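Atom set for the values below is all heavy atoms of this structure, side chains included, hydrogens, waters and symmetry mates excluded. Below, read A as the first sequence line, B as the second, and so on, with proteins coming before strands; counting in each chain starts at 1. Only a predicted model underlies this, so the values are computations on that prediction, with no experimental measurement involved.
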2 protein chains.
Amino acid sequence: MPHYYWVVTGLFTTLQDCFGFTKHNFARLVREDSAMAVVQNKQIIFKHYIEGIPVESDMELKVGNIKLEVPEGSGAFLVKNLYLSCDPYMRGRMRDFNDSYIPPFVPGSVIEGFGVSRVVESDNPNFKPGDLISGLTGWEKYSLITRTAQLRKIQQDDIPLSYHVGLLGMPGFTAYAGFYEVCSPKKGDYVFVSAASGAVGQLVGQLAKLYGCYVVGSAGTSQKVDLLKNKLGFDEAFNYKEEPDLNAALRRYFPQGIDIYFDNVGGPMLDAVLLNMRPHGRIAICGMVSQQSLSQTEGIHNLFMLIAKRIRMQGFLQSDYLHLFPRFLELIISYYKQGKIVYIEDMNEGLESAPASLVGLFSGKNVGKQVICVARE
Amino acid sequence: MPHYYWVVTGLFTTLQDCFGFTKHNFARLVREDSAMAVVQNKQIIFKHYIEGIPVESDMELKVGNIKLEVPEGSGAFLVKNLYLSCDPYMRGRMRDFNDSYIPPFVPGSVIEGFGVSRVVESDNPNFKPGDLISGLTGWEKYSLITRTAQLRKIQQDDIPLSYHVGLLGMPGFTAYAGFYEVCSPKKGDYVFVSAASGAVGQLVGQLAKLYGCYVVGSAGTSQKVDLLKNKLGFDEAFNYKEEPDLNAALRRYFPQGIDIYFDNVGGPMLDAVLLNMRPHGRIAICGMVSQQSLSQTEGIHNLFMLIAKRIRMQGFLQSDYLHLFPRFLELIISYYKQGKIVYIEDMNEGLESAPASLVGLFSGKNVGKQVICVARE
């Protein structure tokens, strides 16, 4: 879908411009032709639609070849993938359910996800060999990129490249848009974040602290609880797996109630939070990672509290707020460079580790943002 | 709690003003003294806290006497109750649950609810004998009113008096605040209203039609469906009890999806609506009449749709919007007098009918707003 390309060519006025046969481009074409090597391409293939949580055997490693060549006139370009992102929303693409904001994966095809990549060949004047980009790519060593709508060029500086699928990518922007645009924060608010050490939660908590809120997070291991309190600056944190009564736990941490709940899990935690909200509280519904399977959702029983406490509960997608992305980048990069925020990554090495990394998200195996390093440069 | 009274007396500057011993008032006191008759007072007593839906035996009729006298200096006044309102929220006051926006009833005491009453004796300069008022009163023939905070004087005109507990009272204002302030309507929106012929629903539907929306309502009998389509001007209506698959029914009535759901029932209908919402839809959570019992709430399973469709779901109480009450009255009275809206009441005669009337709400026995006529003047 070389949409962007045609928009660009629409601006040209002469045949020469249109077909681009300038002397310079001729020289480039000749050079590229000689470089059109066939190289090995490892890919992670999506095997079949699933029920419940994913397992490694829902994916398979396939080793093939790829010609480092971009179809002329396609506007496409070839990238070498460096870092790939594992995100809970990907579970939603593994089921045969088309009525969502994003289509399901195609069985037999390579898995698609966010990544940081380097352009190696290009038929698109806006993306040149050597450029670093962040956006949707394939779970493979090399990808042919034909959709450029949400791609972003990375200006490399002293921020780790992989952060562009985390702190400075979709999860970070989700935290930013969710907290500032959906939660309507006020200084002094009591804020609760679930899955608080995850890719989104860790930034929500830090942004809330910087805003002057009191922040408590929940996570699933004592290691994560320790990180929340001692590295990420949460006021309090608890291991939900050690709490037989979530309602009682929340009453203990929020004796005065919760103003803002940033929900990354849904299920029983959401139900318990509903009993502990303050009047006019806000709930941002983000991940519902505990409820990703259509066939196994647990019922929420305490929605009557929405009335008694006049609660606003809002689902959101970061993609609705992309006009704020530049402002987000500016703020977060500034906070990061001033040492006001940190970011915890869980980096697995090699494309081969990708299926286990994705599967691990759903049992909370990752500590921080889950990334796969395919290549370092 | 004669709060309002003391505020008023605080403005007086002389002893005479303060105690009100003008010649005129002396004459009135003498007259009233002779009129301090002891009369029979029938009352509906709340017997005990309940689980589940109320039954008639949770209340009892008690016949006693009342002296038509107001304690001097109390700022209180005595009223004769004319019309009493049966509202689903009253179920919430029948259980032993203090963590709500309104305290529970007191076992052994008279039931409290909205009503239209006529002042018969008064120690409050702002409420004089003969005045008609609307606000919280007792389920009895005569009530001593000590709290005047939310009382409203009625300027009698050609609008039926009983409408002041319905169209022009709390239910009407709930519809107004919920639709305009919570639902964020846009012209052309697809609007669904449950319990659509009820005290709130019937006005929501008519306001939505006047706003230029497409409106479908659900109700529990074919008689109500007929009223919705032929008297209340809904575009479509259906009997939810005749629909084995609510999701399929909603898909049929809203092939393009729902922009606004005004939820008066909660439960399985809310769950089915979630599957049929359009992107950026709004759900106003109003009554949840199907889920009034804490011990029997049904789980909601489809909240993941909040994310996929970026839905805002908001509980509200009309009491948060009282600053808009004058604007509401002006608009609705104008619409009514122009014949642009109608209002359907279900009037039962006599205080004795009150327990059955209240109980009937929870099986949908009422057709339109349930009112009890205690006396006509």
Side-chain angles (χ1 to χ4, degrees), chain A residues 88-89 91-92 97-102 174 177-178 182 251 257 263-264 266-268 270-271 274-277 279-321, chain B residues 88-89 91-92 97-102 174 177-178 182 251 257 263-264 266-268 270-271 274-277 279-321:
Chain A
Y89 83 89
R91 164 68 187 84
F97 178 66
N98 279 285
D99 191 21
S100 188
Y101 59 96
I102 190 164
T174 300
V182 181
R251 266 206 311 274
D263 179 33
N264 288 309
L270 173 58
D271 231 0
L274 281 164
L275 297 175
N276 287 279
M277 292 297 286
H280 304 288
R282 286 84 67 203
I283 300 178
I285 302 287
C286 183
M288 288 204 169
V289 69
S290 80
Q291 307 293 305
Q292 287 276 340
S293 160
L294 252 182
S295 50
Q296 293 175 9
T297 59
E298 293 166 86
I300 298 292
H301 295 266
N302 298 327
L303 287 183
F304 61 90
M305 295 303 294
L306 294 183
I307 301 176
K309 297 294 170 67
R310 296 85 113 192
I311 297 164
R312 190 183 74 207
M313 189 159 152
Q314 188 163 352
F316 73 102
L317 293 175
Q318 50 87 30
S319 49
D320 285 335
Y321 300 90
Chain B
Y89 83 90
R91 164 68 188 84
F97 178 65
N98 279 285
D99 191 22
S100 187
Y101 60 96
I102 189 164
T174 300
V182 181
R251 266 208 311 275
D263 178 33
N264 289 309
L270 173 59
D271 231 1
L274 281 164
L275 297 174
N276 287 279
M277 292 297 287
H280 304 288
R282 287 84 66 202
I283 299 179
I285 302 287
C286 183
M288 288 204 169
V289 69
S290 81
Q291 307 293 305
Q292 287 277 337
S293 162
L294 254 180
S295 49
Q296 294 177 10
T297 58
E298 293 167 86
I300 297 293
H301 295 266
N302 298 328
L303 287 182
F304 62 89
M305 294 303 294
L306 294 184
I307 302 176
K309 297 294 171 66
R310 298 85 111 190
I311 296 165
R312 190 182 74 208
M313 189 160 152
Q314 187 163 353
F316 74 101
L317 292 175
Q318 50 87 30
S319 50
D320 286 334
Y321 300 90

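Taking CD1 from B:Ile300 and CD1 from A:Ile300, the interatomic distance works out to 9.0 Å, rounded to the nearest 0.5 Å.
Taking 4.5 Å as the limit, some side-chain heavy atom of B:Met313 sits within range of a side-chain heavy atom of A:Leu303.
Contact of A:Asp320 with chain B is made through the side chain alone, with heavy-atom distances under 4.5 Å. Both the backbone and the side chain of A:Leu317 come within less than 4.5 Å of a heavy atom of chain B.
Legend: residues meeting salt bridge (Lys or Arg N to Asp or Glu O under 4.0 Å) with A:Arg312, ordered by chain and number and at least two apart, are absent.
Of all the listed residues (B:His280, B:Arg282, B:Gln314), the one sharing the greatest number of non-hydrogen pairs under 4.5 Å with chain A is B:Gln314.
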